[in-house]
Amino acid sequence: MATRARHRIGEEMLRMLAYLGMAFALFITIFPVYWLAQNSFKLDIDIFAVPPVWFDFPPTLKHYEAAFIGQPFLIYALNSLIIAVATTIVSLVFGTMAGYALARFQYPGRWRYQISFWILSTRMMPPIVTIIPLFIFFNFFNLLNTKLAVVVAYTAFNLPFVTWMMKSYFQDLPPELEESAMVDGDTRWGAFLRIALPLARPGIAATAIFSLILSWNEFLLALILTQTERSMTLPVGISGRVTQYTTHWGEISAAGFLASVPIIVFALIVQKHLVRGLSLGAVKG
């Protein structure tokens, strides 16, 4: 009995430690969001107060007025939304087909692994290395300061990630389902659209949100390829509030907090597919 009681106490302590660990991880995750949100409602004097003022401060909306009325942040947000959605759609269309081809088709020798590694190796290259070639390329075709140039550049960097993710999801699906459809008279394309693609929806949802986050938050390529309001993205626009003489922390906090809202909303919409999608696909060779 004593051994069983000690064993039960040990299990309860482990469970309590697990809860404490999850609570700490939740705090670490939520605290930056809270810090950003409360700074956006503080007066400048409260933002720089020592010790920090966490709760008891008079709220103000002047930073939101300065960010979204005095500055064209709404234009930047619309540009970011158009670019991120277009990049995600294009990357998913081509990446899903490429991932399915790598997962299902037969290749001579080790070509499948060589092609897969070549696709992944393009993602290993730091974006800073491609800045000059991309600038020269888009300048030659008169595409600088256009949303199309940013979409093309983002797609080039997102496509390897999407391809590998979708390849992994399709490998987890039994090929017998598609083979049965083709035995019944369906084509390979029809089996892909009507059998494989619906079954891969959780993986598509998980891949879509990661691709959207990468496109929404990207800064370096947008900084080099866009220099005017008609195509500048939100991260680049927010960085413009850091000037030679001062940093407008309140405006940065207000714009940064609202910039996180679309991603949070999208994650809530696809959350039922997201959890399952994350558990389905592990990157495989």
Check your understanding: Quick one: do Met97 and Met166 end up in the same hydrophobic cluster if we chain Ile, Leu, Val, Met, Phe, Trp and Tyr together by side-chain heavy atoms under 4.5 Å apart?
Key -> yes

**Study point:** 4.5 Å side-chain heavy-atom contact, Leu221 and Val150
**Key:** no

Review point. Rounded to the nearest 0.5 Å, how far does CD1 of Ile224 lie from CZ of Phe219?
Key: 8.5 Å

Check your understanding: Are Val152 and Phe135 connected in the hydrophobic side-chain network, where two residues link if heavy atoms are under 4.5 Å apart?
Key -> yes

**Study point:** Exam field: side chain Thr207 to backbone Ile204, donor-acceptor pair closer than 3.5 Å
**Key:** no

Point to revise | Beyond-backbone contact of Ile238 with Phe73, side-chain heavy atoms, under 4.5 angstrom | key: yes

Check your understanding: In Å, rounded to the nearest 0.5 Å, how long is the span from OH of Tyr100 to CG of Leu173?
Key -> 9.5 Å

Scan the side chains in residues 74-94 for donor-acceptor partners under 3.5 Å anywhere in the protein, sequence neighbours excluded, and list what turns up.
residue, atom, partner, partner atom, Å
Asn79, ND2, Ile75, O, 3.3
Asn79, ND2, Glu229, O, 2.9
Asn79, ND2, Arg230, O, 3.4
Asn79, ND2, Met232, O, 3.0
Ser80, OG, Tyr76, O, 3.2
Ser80, OG, Leu234, N, 2.6
Thr87, OG1, Ile83, O, 2.7
Thr88, OG1, Ala84, O, 2.8
Ser91, OG, Thr87, O, 2.7

Check your understanding: Under 6.0 Å between the ring centres of Phe31 and Trp54?
Key -> yes

Practice item. Indicate whether any N or O donor in one side chain lies under 3.5 Å from an N or O acceptor in the other, for Ser211 and Asn158. Key: yes

Review point. Roughly how far apart are Leu197 CG and Thr96 OG1, rounded to 0.5 Å?
Key: 6.5 Å

Exercise for review: Hey, could you give me the CG/OG1 distance between Leu144 and Thr146, rounded to the nearest 0.5 Å?
Suggested key: 7.5 Å

Review point. Are the side chain of Glu176 and the backbone of Ser180 linked by a donor-acceptor contact shorter than 3.5 Å?
Key: no

Exercise for review: Indicate yes or no for a side-chain donor-acceptor contact from Lys42 to the backbone of Phe48 under 3.5 Å, with no hydrogens or angles considered.
Suggested key: no

**Study point:** Test item: Val33 and Leu36 side chains (from C-beta on) under 4.5 Å apart, heavy atoms
**Key:** no

Check your understanding: Is there any salt bridge (Lys or Arg N to Asp or Glu O under 4.0 Å) pair reaching into residues 179-199, and which pairs are they, with sequence neighbours excluded?
Key -> Glu178-Arg188, Asp186-Arg194

Check your understanding: Out of curiosity, does Phe27 fall in the hydrophobic cluster containing Phe55 (side-chain heavy atoms, cut-off under 4.5 Å, transitive links)?
Key -> yes

Review point. Where the side chain of Ser215 meets the backbone of Leu212, is there a donor-acceptor pair that is under 3.5 Å apart?
Key: no

Practice item. Would you mind reporting whether Leu177 and Pro174 have side-chain heavy atoms less than 4.5 Å apart? Key: yes

Review point. With sequence neighbours left out, what residues match Pro58 under side chain to side chain contact (heavy atoms under 4.5 Å, CB included)?
Key: Leu43, Asp46

Practice item. Sequence neighbours left out, what passes ring-ring contact (aromatic ring centres under 6.0 Å, His included) with Phe41? Give chain and number order. Key: Tyr64

Review point. Do the ring planes of Phe192 and Phe170 sit parallel (below 30°), tilted (30 to 60°) or perpendicular (above 60°)?
Key: tilted

Exercise for review: Walk me through it: do Thr130 and Met125 pass the test side-chain contact (heavy atoms from CB on, under 4.5 Å)?
Suggested key: CA-CA 8 Å; Thr130 65; Met125 182 170 53; 3.6 Å; yes

Practice item. Can you tell me which residue pairs pass the salt bridge (Lys or Arg N to Asp or Glu O under 4.0 Å) test with a partner in residues 62-75, sequence neighbours excluded? Key: Asp44-Lys62

Review point. Near Met16 CE, under 6.0 Å, is it more than 12 heavy atoms from other residues, nucleotides or ligands?
Key: no

Practice item. Would you check if Phe157 and Glu218 make a side-chain contact, meaning some heavy-atom pair closer than 4.5 Å? Key: no

Practice item. Kindly check if the number of other-residue, nucleotide or ligand heavy atoms within 6.0 Å of CG (Leu26) is above 12? Key: yes

Review item, side-chain donor-acceptor pairs of residues 249-265, under 3.5 Å, at least two apart:
residue, atom, partner, partner atom, Å
Glu251, OE1, Arg241, NE, 2.7
Glu251, OE1, Arg241, NH2, 3.1
Ser253, OG, Trp249, O, 2.8
Ser260, OG, Phe257, O, 2.6

Check your understanding: Counting distance only, does the side-chain N/O of Arg201 pair as donor-acceptor with the main-chain N or O of Pro198 below 3.5 Å?
Key -> yes

Review point. Nearest 0.5 Å, what's the CD-CG distance between Glu12 and Leu17?
Key: 12.0 Å

Review point. More than 12 heavy atoms of other residues, nucleotides or ligands under 6.0 Å from CE of Met13: is that the case?
Key: no

